[in-house]
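What follows is a single structure, written as C-alpha cells, with notes after it.
Positions are given from 1, in the same order as the sequence printed here.
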Amino acid sequence: MSLSRIERAIALAVRSHEGHGMEGEFSLPYIAHPFEVLMNLNFVGGVTDEDMLCVAMLHDTVECAGTTLTVIGAQFGTRVRDLVGELTRQEPTELETEGMTKDEVWQLRSGWLLEEIRAMSPGAQVVKLADRLANLSEAFRSKKGRKLARYLSQTATILEIIPPKRNPGLWDAIQVKMTEKR
C-alpha cells in the first residue's frame with residue numbers, strides 16, 4: 001500500500017475542509033469526520049484497497065467544500081473520482097423547496113438520499129456504510145427525540161437497501177450501534 005497516495009488524499013481533504021466544523025455544542029473540526037470514515041472502512045470493514053481509502057477521505061470534499069470532481073480525477077484517477085461523485089449528495093434548490101416546511105424538506109432530501117444509495121455501485125455503498133456508521137455516532141450526540149427517531153428509521157432503510165454481503169463488518173457494526181442506543 002502506498003501511504004503517499006492516501007497521505008495526498010488526507011492533505012486534500014484537510015485543505016478542502018479547513019475552517020469547517022461539525023454540528024453540536026462541543027464540535028470538532030469537520031476533518032474529524034472523514035478520518036472516522038477512513039478508520040471505519042479500514043478497521044471495521046477490513047478494506048485495504050487504496051482507491052477506497054482515498055474515497056473515504058474525499059467523500060465530502062465536493063458536496064461540503066467545493067472541490068471539483070475534475071481535481072479529484074486528475075490527482076487520484078477515474079475510479080476515485082467516480083466513487084466520490086456517486087457519494088456526492090444532490091441537494092434541492094430553493095425553488096424546489098419553496099413553501100415547504102422543514103419536515104417536508106427533510107422528507108424530500110431523505111427520499112433523494114435513499115434513491116442515490118439504491119443507484120450506487122457496490123464500492124460506493126461500502127463507503128456509504130462507513131460514512132453512516134460515523135454519522136450514526138454523531139447523531140446520538142447531536143440529535144434528540146423525533147429527529148433522532150427519524151434518523152434511525154432512515155438508517156434502517158439504508159440497511160434494507162444495502163445488503164449485508166457488501167461489507168458484513170460495517171453492516172453489523174451499524175446494527176449493533178442502533179441496538180445499543182435504543
Side-chain angles (χ1 to χ4, degrees), residues 1-18 20-24 26-65 67 72 75-89 113-114 116-117 120-143 148 151-152 154-182:
M1 178 180 335
S2 168
L3 285 181
S4 64
R5 190 158 181 256
I6 296 168
E7 288 170 342
R8 286 188 298 119
I10 290 169
L12 178 57
V14 167
R15 283 192 310 275
S16 297
H17 294 298
E18 186 175 355
H20 301 162
M22 295 175 73
E23 293 179 10
F26 301 105
S27 67
L28 294 172
Y30 191 83
I31 194 61
H33 171 69
F35 273 112
E36 186 175 3
V37 175
L38 174 70
M39 304 285 274
N40 286 343
L41 190 64
N42 184 245
F43 297 134
V44 179
V47 175
T48 58
D49 178 273
E50 274 187 347
D51 283 348
M52 295 285 284
L53 298 174
C54 289
V55 170
M57 278 308 299
L58 300 171
H59 78 279
D60 278 342
T61 57
V62 174
E63 177 182 330
C64 299
T67 302
I72 291 170
Q75 291 186 34
F76 299 97
T78 57
R79 182 173 179 231
V80 172
R81 179 202 64 207
D82 292 349
L83 288 167
V84 170
E86 287 184 70
L87 289 158
T88 300
R89 292 204 50 193
L113 171 66
L114 297 173
E116 289 167 1
I117 292 170
M120 284 179 184
S121 66
Q125 286 183 343
V126 170
V127 177
K128 179 50 77 178
L129 288 172
D131 180 40
R132 183 48 66 132
L133 181 58
N135 288 339
L136 194 54
S137 296
E138 177 68 14
F140 283 119
R141 189 177 66 74
S142 65
K143 297 180 187 316
L148 179 58
Y151 193 80
L152 292 174
Q154 182 188 64
T155 301
T157 303
I158 290 170
L159 292 181
E160 291 171 7
I161 294 168
I162 301 175
K165 69 180 179 182
R166 279 290 178 262
N167 188 293
L170 290 166
W171 201 94
D172 290 346
I174 293 170
Q175 283 279 79
V176 167
K177 187 164 286 289
M178 288 180 62
T179 305
E180 286 176 352
K181 298 295 182 173
R182 285 192 175 182

Quiz item: Does any N or O in the side chain of Gln125 come within less than 3.5 Å of the main-chain N or O of Ile117, such that one atom is a donor and the other an acceptor?
Solution: yes
Quiz item: Are the side chain of Trp171 and the backbone N or O of Leu159 linked by a donor-acceptor pair below 3.5 Å?
Solution: yes
Quiz prompt | Nearest heavy atoms of Asn167 and Leu170, plus distance in Å | solution = OD1-N, 2.9 Å
Practice problem: Would you name the heavy atoms of Asn42 and Val47 that are closest together and state the gap between them? | Solution: ND2-O, 2.8 Å
Value rounded to 0.5 Å, distance of [atom1] in [X] from [atom2] in [Y]:
{"X": "Leu133", "Y": "Asp172", "atom1": "CG", "atom2": "CG", "result": "11.0 Å"}
{"X": "Leu152", "Y": "Ile174", "atom1": "CG", "atom2": "CD1", "result": "11.5 Å"}
{"X": "Met52", "Y": "Arg79", "atom1": "CE", "atom2": "CZ", "result": "6.0 Å"}
{"X": "Glu63", "Y": "Ser16", "atom1": "CD", "atom2": "OG", "result": "13.0 Å"}
{"X": "Leu87", "Y": "Ser121", "atom1": "CG", "atom2": "OG", "result": "8.0 Å"}
{"X": "Leu58", "Y": "Arg81", "atom1": "CG", "atom2": "CZ", "result": "13.5 Å"}

I'd like to check the side chain to side chain donor-acceptor pair (under 3.5 Å) partners of [X]; sequence neighbours left out, ordered by chain and number.
{"X": "Asn40", "value": "none"}
{"X": "Asp131", "value": "His33, His59, Lys128, Asn135"}
{"X": "Thr78", "value": "none"}
{"X": "Thr155", "value": "Arg132"}

Do [X] and [Y] have side-chain heavy atoms sitting under 4.5 Å apart?
{"X": "Asp51", "Y": "Phe76", "answer": "no"}
{"X": "Thr61", "Y": "Thr88", "answer": "no"}
{"X": "Met57", "Y": "Ile31", "answer": "yes"}
{"X": "Gln154", "Y": "Thr157", "answer": "no"}

Self-check item: Qualifying salt bridge (charged side-chain N to carboxylate O under 4.0 Å, His left out) pairs, either residue in residues 155-166, two or more places apart
Solution: none
Quiz item: Who pairs with Arg15 by side chain to side chain contact (heavy atoms under 4.5 Å, CB included), at least two apart in sequence or on another chain?
Solution: Ala11, Leu12
Exercise. Under the side chain to side chain contact (heavy atoms under 4.5 Å, CB included) rule, collect the residues that match up with Ala56, sequence neighbours excluded.
Key: Val37, Leu38, Leu41
Exercise. Would you please test Leu83 and Val127 for side chain to side chain contact (heavy atoms under 4.5 Å, CB included) and show each step?
Key: CA-CA 9 Å; Leu83 288 167; Val127 177; 5.9 Å; no
